[in-house]
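These notes concern the structure reproduced below.
In this text, all values refer to a predicted model and were calculated from it rather than measured experimentally.
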Amino acid sequence: MPEITFENDNLNSKYKSRVVLGQPVTPNMVKFLTTKGIVKNEKQAMTILSIVAVLFFTSSIFIIYTSFFQQPDIQPLSPEEEILLREQGLI
């Protein structure tokens, strides 16, 4: 039985492009980063995209926590302020 070797087998990248209908397809964000010269190869692009995803995830967790789970720092009214608000009819 003849041995078949592929050109992509000798790449040292642990990130592989997905294959559609037998042809490798590079994700559009990776293409964008490489064509703009931000990164040099697909591995660097995947690293940058992973870091960005982690940053967005942690910032969204922080925003949700501060919005819903922290009590607002509300100071009680002083007696003078309460009297003033009662006179204005706001209480």
Side-chain angles (χ1 to χ4, degrees):
M1 182 169 198
E3 267 188 52
I4 299 173
T5 58
F6 296 98
E7 292 178 23
N8 293 340
D9 285 347
N10 58 4
L11 294 176
N12 293 331
S13 174
K14 71 178 189 178
Y15 300 108
K16 301 287 183 190
S17 295
R18 59 193 169 128
V19 177
V20 177
L21 299 176
Q23 297 181 6
V25 177
T26 306
N28 288 335
M29 289 299 292
V30 173
K31 284 181 189 177
F32 174 77
L33 290 174
T34 53
T35 56
K36 295 295 181 183
I38 298 171
V39 295
K40 294 181 183 177
N41 57 24
E42 186 175 333
K43 182 178 178 183
Q44 288 178 348
M46 293 301 281
T47 303
I48 295 291
L49 292 174
S50 299
I51 290 170
V52 168
V54 168
L55 287 175
F56 278 124
F57 180 74
T58 54
S59 63
S60 66
I61 294 296
F62 176 75
I63 290 170
I64 290 170
Y65 175 76
T66 56
S67 298
F68 296 111
F69 297 114
Q70 276 190 339
Q71 296 295 327
D73 189 24
I74 298 174
Q75 301 293 328
L77 293 175
S78 67
E80 294 85 20
E81 292 173 331
E82 190 174 343
I83 292 171
L84 228 131
L85 289 175
R86 285 183 192 268
E87 288 174 357
Q88 294 175 356
L90 297 176
I91 294 183

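Residues Thr34 and Glu42 have side chains not in contact (no heavy-atom distance under 4.5 Å, counting atoms from C-beta outward). In this structure, Leu49 and Val30 have side chains that are in contact, with non-hydrogen atoms separated by less than 4.5 Å.
Here the CZ-CD1 distance, from Phe56 to Ile63, works out to 10.0 Å after rounding to the nearest 0.5 Å. Going from atom CG of Leu33 over to atom NZ of Lys40 covers 14.5 Å, rounded to the nearest 0.5 Å.
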- Criterion side chain to side chain contact (heavy atoms under 4.5 Å, CB included) on Ile48 and Val39, from CA distance to verdict: CA-CA 9 Å; Ile48 295 291; Val39 295; 3.9 Å; yes
- Message: Walk me through whether Arg86 and Ile83 qualify under side chain to side chain contact (heavy atoms under 4.5 Å, CB included).
- Response: CA-CA 5 Å; Arg86 285 183 192 268; Ile83 292 171; 5.7 Å; no
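Under a 4.5 Å side-chain heavy-atom cut-off, the cluster of Ile, Leu, Val, Met, Phe, Trp and Tyr residues that includes Leu84 has no other member. Cluster note: Ile64 groups with Tyr65, Phe68, Phe69 through ILVMFWY side-chain heavy atoms spaced under 4.5 Å, whether in direct contact or through intervening members.
For Thr66, the side chain to side chain contact (heavy atoms under 4.5 Å, CB included) partners two or more places apart in sequence, or in a different chain, are Phe62, Gln70.
Of the possible donor and acceptor atoms, none in the side chain of Glu82 sits under 3.5 Å from a partner among the backbone N and O of Ser78.
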